[in-house]
Undergrad: 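If you scroll down you'll find the structure; I have some questions about it.
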Amino acid sequence: MLKVQPLAIPEVLLLEPQIFRDQRGFFFESFNQRAFMAATGLEVNFVQDNHSASQQGVLRGLHYQHQQPQGKLIRVIEGEIFDVAVDLRQSSPTYGQWVGVWLNAETHHQLWIPAGFAHGFWVKSATAQVLYKATDYYNPGDEHTLLWNDPTVAVDWPLSGEPLLSAKDQQGKPFGCVPHFA
Ligand SMILES: Cc1cn([C@H]2C[C@H](O)[C@@H](COP(=O)(O)OP(=O)(O)O[C@H]3O[C@H](C)C(=O)[C@H](O)[C@H]3O)O2)c(=O)[nH]c1=O
């Protein structure tokens with residue numbers, strides 16, 4: 001049974017899978033197409049699985065593809081992250097707004113972020129491993145980086161100290177300088 005919690009931006013969904021725990025450990029279905037469709041009403045086709053590992057203080061994002069936008073289903077298998085989605089859909093009532101949730105390897109909660117959003121996360125734990133499914137293929141020529149601390153979006157990152165950023169993310173662009181969606 002997959003429970004769904006809509007968040008401040010209703011199309012971004014926090015999914016709570018049923019975890020079967022016993023004296024050996026745990027088991028759960030990390031993805032089930034039928035259950036996902038039944039719980040969300042969404043018919044999605046994932047074509048790529050991603051896996052990243054990061055040390056404490058790393059902030060990856062805020063990334064998105066524009067011509068080939070990706071819906072993403074994100075989960076944490078080690079540690080804890082603060083995961084953020086920014087609504088770049090100009091027709092949306094929540095255009096320019098952000099939503100953030102804690103994801104960790106204890107609750108196994110997952111975040112569904114549809115196409116049209118920028119995505120990023122900050123690592124709270126000593127290390128974190130993040131798995132996410134994407135609904136379209138990676139296209140490096142179509143990647144855009146919204147500046148993680150853009151003052152217009154003003155994500156309230158729960159940072160402790162300066163984040164560790166890639167060179168690309170240090171060069172992120174302001175909200176007004178990245179392509180948005182209709
Ligand atoms: C995303 C991606 C990257 N790569 C290669 C390209 C680079 O040589 C290397 C690291 O890429 P990057 O620094 O862009 O990785 P992240 O900073 O974790 O990027 C991701 O972080 C945020 C949180 C996201 O939501 C995106 O999915 C994605 O942009 O992996 C691939 O080969 N395939 C891919 O799908």
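Predicted model only: the values in this text are computed from it and were never measured. When a ligand or atom number is given, it counts from 1 through the structure's own listing order.
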Undergrad: Any non-hydrogen side-chain atom of Trp112 less than 4.5 Å from a side-chain atom of Leu42?
TA: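 Counting from C-beta outward, Trp112 and Leu42 do come under 4.5 Å.
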
Undergrad: Would you please indicate if the ring centroids of Tyr95 and Phe181 are separated by under 6.0 Å?
TA: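 When the ring centroids of Tyr95 and Phe181 are compared, they turn out to be at least 6.0 Å apart.
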
Undergrad: Inspect the surroundings of NZ in Lys173 and state if more than 12 heavy atoms from other residues, nucleotides or ligands are less than 6.0 Å away.
TA: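 No, not enclosed.
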
Undergrad: Any side-chain heavy atom of Asp83 sitting closer than 4.5 Å to one from Ile113?
TA: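 Yes; the side chains approach each other to less than 4.5 Å.
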
Undergrad: Out of Tyr132, Phe121, Tyr64, Tyr138, whose heavy atom sits nearest atom 28 (C) of ligand 1?
TA: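 When every heavy atom of Tyr132, Phe121, Tyr64, Tyr138 is considered, Tyr132 comes closest to atom 28 (C) of ligand 1.
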
Undergrad: For ligand 1, which atoms, with element, lie under 4.0 Å from some heavy atom of Lys72?
TA: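 Counting atoms of ligand 1 from 1, those under 4.0 Å from Lys72 are 24 (C), 25 (O), 26 (C), 27 (O).
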
Undergrad: Without hydrogens or angle criteria, can the side chains of Gln68 and Asp142 be said to hold a donor-acceptor pair below 3.5 Å?
TA: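 No pair is found: no donor N or O on one side chain lies under 3.5 Å from an acceptor on the other.
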
Undergrad: Could you check which of His63, Gln70, Arg60 puts a non-hydrogen atom nearest to atom 19 (O) of ligand 1?
TA: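 Shortest heavy-atom distance from atom 19 (O) of ligand 1: His63.
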
Undergrad: Tell me: protein heavy atom nearest atom 35 (O) of ligand 1, and distance?
TA: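 Of the protein heavy atoms, Gln48 NE2, 2.9 Å lies nearest.
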
Undergrad: In the protein, which heavy atom is nearest to atom 12 (P) of ligand 1, and how far is it?
TA: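 Scanning the protein heavy atoms, the shortest distance from atom 12 (P) of ligand 1 goes to Lys168 NZ, 3.8 Å.
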
Undergrad: Work out which heavy atom in Phe117 is nearest to a heavy atom in Ala85; give both atom names and the distance.
TA: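 Taking every non-hydrogen atom into account, CD2-CB, 3.9 Å.
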
Undergrad: Could you tell me whether atom 26 (C) of ligand 1 has at least one protein heavy atom nearer than 4.0 Å?
TA: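 Answer yes: something from the protein, a heavy atom, is under 4.0 Å.
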
Undergrad: For ligand 1 and Glu143, I'd like to know whether there is a polar contact (N/O to N/O, distance under 3.5 Å).
TA: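 In this structure, Glu143 places an N or O atom under 3.5 Å from an N or O of ligand 1.
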
Undergrad: Hydrogens and angles aside, do Glu78 and Thr127 bring a side-chain donor and acceptor to less than 3.5 Å of each other?
TA: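 Yes, a side-chain donor-acceptor pair sits under 3.5 Å.
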
Undergrad: Heavy-atom distance from atom 8 (O) of ligand 1 to the protein below 4.0 Å?
TA: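 Within 4.0 Å: no protein heavy atom nearby.
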
Undergrad: Which residue supplies the protein heavy atom nearest to atom 23 (C) of ligand 1, what is that atom called, and how far is it?
TA: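 The protein heavy atom lying closest is His119 ND1, 3.4 Å.
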
